Engineer: 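The structure is given below, and queries will be raised subsequently.
The shown structure was predicted, so the numbers you read here are calculated from the model rather than taken from an experiment. Protein chains get the first letters and strands the later ones, always in sequence-line order, with residue 1 at the start of each.
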Amino acid sequence: MRSEDVLEFVASQLVDHPDEVRIEIDEDDRETVLELHVHDEDLGKVIGKRGRTAKALRTLVKAAGALDDENVTVEIVD
Amino acid sequence: MTRTVKAEGNDLQAVLGTALGDLLGCSVQEVSVKVEAPGIEDLVGEVGLTLTITPEPRPASAPGDDVDAGASSEAAPTDDATGDLADDAADDAADDAADDEVSDVAEVDLDEEADAAADFLEGLLDAMDLPGDLRIKIHDDHAEIEVIEIGNGALIGRRGQTLEAIQELVRCSLQRQFQRRARVKVDAEGYRSRRLEKLLEKAEEAIDEVLDTGEAVRLEPMDVFERKAVHHLVAEYDGVESRSQGREPARRVVIEPA
């Protein structure tokens with residue numbers, strides 16, 4: 001799934017603990033929810049100031065999902 | 001020396017930006033601002049702030065690492081390490097000055113930033129399973145990476161929003177790796193250069209309008225590179241001047257009669 005690959009790759013570029021980037025997939029027929037788990041210290045890095053990074057992450061992952069006709073949302077789990 | 005200025009608004013940072021702009025129209029890039037007052041952003045009503053300003057030499061290791069604001073500033077309650085508060089709070093005062101001095105970034109710094117950004121984009125193309133080649137250009141004050149031959153608009157998106165997201169994520173990733181503000185611009189299939197051309201055409205129309213009517217014109221939100229190009233354009237005309245206003249990503253250039 002390209003959306004998952006993109007989320008995993010990009011998230012690992014943003015954090016200090018790339019080994020602790022983990023994605024859980026919650027799928028039903030309408031949408032796919034990708035839950036992003038990162039190391040506690042990296043939470044701020046994937047969210048960013050005023051949520052700017054998280055917004056960019058969602059936009060890009062959605063675009064990747066659209067390539068596979070998937071409706072994808074990203075949830076950042078703390 | 002004591003001077004008093006008054007500024008109003010419902011955003012501490014914007015208000016400070018305005019006040020500081022009034023106070024220090026000249027040498028903003030030589031001071032750094034620190035507000036240490038947790039909770040001050042929640043206050044309602046009139047707040048008196050006493051600011052003590054001490055000149056501080058710019059660090060030699062990072063010559064002008066803000067693209068359109070040479071100043072660094074921090075607002076304590078919301079501050080974090082990404083440094084673009086500097087952009088928000090100080091730009092209003094610093095844009096004009098900072099645009100005049102095209103700061104030279106050490107070429108080796110730009111090279112390593114461009115390489116890292118290229119790695120990021122290669123990885124992204126790979127994860128998205130898209131074809132595409134990278135074209136890298138190193139300019140005086142920034143590097144530019146263009147993804148070409150993708151064959152579709154997948155990296156651009158509606159009104160460029162996917163490309164904008166990629167730019168932001170590349171910026172964050174480089175910031176983490178190099179601990180400084182990176183100056184790498186990302187483009188896909190020439191989208192940004194086409195947009196920049198259109199923006200500059202609109203800016204020229206706006207300049208004419210300001211010269212005709214004597215009234216200020218606000219342009220649409222632009223990113224830091226686009227704002228800089230518009231400031232340069234405005235600087236070529238007599239009778240108009242420009243500044244940036246608002247907060248990323250809705251920061252705009254305002255063109256005013258000089």
Engineer: Among A:Asp5, A:Leu14, A:Val10, which has the most heavy-atom pairs under 4.5 Å with chain B?
Structural biologist: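 Top option by heavy-atom pairs under 4.5 Å: A:Leu14.
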Engineer: Is there a donor-acceptor contact under 3.5 Å from the side chain of B:Arg227 to the main chain of B:Met222?
Structural biologist: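 Yes; at least one donor-acceptor contact below 3.5 Å.
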Engineer: What part of A:Lys45 is in contact with chain B, defined as an atom under 4.5 angstrom from a non-hydrogen atom: side chain, backbone, both or neither?
Structural biologist: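 Contact with chain B is through the side chain of A:Lys45 alone.
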Engineer: Select all residues of residues 125-133 of chain B having any heavy atom within less than 4.5 Å of some heavy atom of chain A, and report them by number, or 'none'.
Structural biologist: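 Heavy-atom contacts from residues 125-133 of chain B to chain A are B:Ala127, B:Met128, B:Asp129, B:Leu130.
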Engineer: Just to verify, which of B:Arg183, B:Arg180, B:Arg171 counts as forming a salt bridge (charged side-chain N to carboxylate O under 4.0 Å, His left out) with B:Glu113?
Structural biologist: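 Testing each of B:Arg183, B:Arg180, B:Arg171 against B:Glu113, the sole residue satisfying salt bridge (charged side-chain N to carboxylate O under 4.0 Å, His left out) is B:Arg180.
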Engineer: So for A:Asp68, is it side chain, backbone, both, or neither that comes closer than 4.5 Å to the heavy atoms of chain B?
Structural biologist: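 Nothing of A:Asp68, per the 4.5 Å heavy-atom cut-off to chain B.
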Engineer: For the pair B:Val186 and B:Leu121, evaluate side-chain contact (heavy atoms from CB on, under 4.5 Å) and give the outcome as yes or no after the intermediate values.
Structural biologist: CA-CA 9 Å; B:Val186 180; B:Leu121 291 170; 4.1 Å; yes
Engineer: How close do A:Thr59 and B:Ala165 get, counting heavy atoms only, and between which atoms?
Structural biologist: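 Shortest heavy-atom separation between A:Thr59 and B:Ala165 comes out as CB-CB, 3.9 Å.
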Engineer: Under 4.5 Å, counting heavy-atom pairs only, tell me which of A:Glu8, A:Glu4, A:Gln13 racks up the most with chain B.
Structural biologist: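 Among the listed options, the one with the most contacts to chain B is A:Gln13.
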Engineer: Between B:Gln245 and B:Arg218, does any side-chain donor sit less than 3.5 Å from a side-chain acceptor?
Structural biologist: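 Yes, B:Arg218 and B:Gln245 have a side-chain donor paired with an acceptor closer than 3.5 Å.
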Engineer: For the residue pair A:Val77 and A:Leu43, what are the closest heavy atoms and their distance?
Structural biologist: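 Heavy atoms of A:Val77 and A:Leu43 come nearest at O-CD1, 4.0 Å.
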Engineer: Quick check on A:Leu67 against chain B: is it the side chain, the backbone, both or neither that has a heavy atom closer than 4.5 Å?
Structural biologist: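 Just its side chain gets close to chain B.
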Engineer: Knowing that exactly one of B:Arg195, B:Arg192, B:Gln167 qualifies, which makes a side chain to side chain donor-acceptor pair (under 3.5 Å) with B:Asp223?
Structural biologist: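 Of the listed options, the one satisfying the test is B:Arg192.
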Engineer: Ignoring hydrogens, what is the shortest heavy-atom contact between B:Ala143 and B:Leu110? Give both atom names and the distance.
Structural biologist: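 B:Ala143 and B:Leu110 have their closest heavy atoms at N-CD2, 3.7 Å.
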Engineer: What part of A:Leu57 is in contact with chain B, defined as an atom under 4.5 angstrom from a non-hydrogen atom: side chain, backbone, both or neither?
Structural biologist: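 Backbone plus side chain of A:Leu57, per the 4.5 Å heavy-atom cut-off to chain B.
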Engineer: In terms of the angle between their ring planes, are A:His17 and A:His39 parallel, tilted or perpendicular, with boundaries placed at 30° and 60°?
Structural biologist: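 A:His17 vs A:His39 ring planes: parallel.
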